[in-house]
Amino acid sequence: MSDDCIFCKIISGAIPSKKIYEDKDVIAFHDINPAAKVHFLIVPKLHVESLQSCDATHQQLLGKILLLAPKLATEQGLKGFKTIINTGREGGQEVFHLHVHVLGG
Ligand code: AMP
Ligand code: ZN
């Protein structure tokens, strides 16, 4: 948990979100500024800044997030989708809590 992180605040419930999935490790919610008909984010509950901050200890969590993408995309009615992980300021990342974008439709 990072006090000034917007996604940590969503995870704690301090900021509302349009949640589509939650378990002990992960939350997924619709992007507030959708770039496609369906656009949601899959976010680990653990505060990790970005893919660049990940190491072997995050391997299982990363795998879980990737496997959730097609499951949740199908539930959202998508037959295909794009996944994006912006990494670092120069990679277009704006929220420094790891997340996978899923877009389609
Ligand atoms: P990125 O550029 O990969 O860091 O993307 C951050 C994404 O988070 C953007 O697509 C934002 O629209 C989205 N976002 C920011 N604040 C919120 C929020 N409160 N609820 C849902 N999505 C958000
Ligand atoms: Zn965070």
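All ligand and atom numbering here is 1-based and tracks the order in the structure. In this text the structure is predicted, and so the values were computed from the model without any measurement.
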Note to self: Quick check: closest heavy atoms across P44 and L61, and the distance to 0.1 Å?
What the structure shows: CB-CD2, 3.6 Å

Hey, what polar pairs (N/O, under 3.5 Å) does ligand 1 make with protein?
{"unit_1": "ligand 1", "atom_1": "2 (O)", "unit_2": "G92", "atom_2": "O", "d": "2.9"}
{"unit_1": "ligand 1", "atom_1": "2 (O)", "unit_2": "E94", "atom_2": "N", "d": "3.3"}
{"unit_1": "ligand 1", "atom_1": "3 (O)", "unit_2": "N86", "atom_2": "ND2", "d": "2.9"}
{"unit_1": "ligand 1", "atom_1": "3 (O)", "unit_2": "H99", "atom_2": "NE2", "d": "2.7"}
{"unit_1": "ligand 1", "atom_1": "3 (O)", "unit_2": "H101", "atom_2": "NE2", "d": "2.8"}
{"unit_1": "ligand 1", "atom_1": "4 (O)", "unit_2": "E94", "atom_2": "N", "d": "2.7"}
{"unit_1": "ligand 1", "atom_1": "4 (O)", "unit_2": "V95", "atom_2": "N", "d": "2.8"}
{"unit_1": "ligand 1", "atom_1": "4 (O)", "unit_2": "H99", "atom_2": "NE2", "d": "3.1"}
{"unit_1": "ligand 1", "atom_1": "5 (O)", "unit_2": "H99", "atom_2": "NE2", "d": "3.2"}
{"unit_1": "ligand 1", "atom_1": "5 (O)", "unit_2": "H101", "atom_2": "NE2", "d": "3.3"}
{"unit_1": "ligand 1", "atom_1": "10 (O)", "unit_2": "D31", "atom_2": "OD1", "d": "3.3"}
{"unit_1": "ligand 1", "atom_1": "10 (O)", "unit_2": "D31", "atom_2": "OD2", "d": "2.5"}
{"unit_1": "ligand 1", "atom_1": "12 (O)", "unit_2": "D31", "atom_2": "OD1", "d": "2.5"}
{"unit_1": "ligand 1", "atom_1": "22 (N)", "unit_2": "I32", "atom_2": "N", "d": "3.1"}

Notebook entry, point to check: Is there a donor-acceptor pair closer than 3.5 Å between any side-chain N or O of Q93 and the backbone N or O of E49?
Noted result: yes

Margin query: Quick check for you: with the Zn ion (ligand 2) as the vertex, what angle do SG of C5 and ND1 of H97 span, to 10°?
Written below: 110°

Check: At their closest point, which heavy atom of K45 faces which heavy atom of K24, and how far apart are they?
Finding: CD-O, 3.4 Å

Check: With the Zn ion (ligand 2) as the point of reference, which N/O/S atom of H47 is the closest?
Finding: ND1

Margin query: What I'd like to find out is whether the side chain of L98 reaches to under 4.5 Å of the side chain of I85, using heavy atoms alone.
Written below: yes

Check: Would you find a donor on one side and an acceptor on the other, under 3.5 Å apart, between the side chain of H99 and the backbone of H97?
Finding: yes

Checklist line | Pairwise side-chain contact, H58 with L46, heavy-atom cut-off 4.5 Å (strictly under) | finding: yes

Check: Is the centre of the F7 ring less than 6.0 Å from the centre of the F29 ring?
Finding: yes

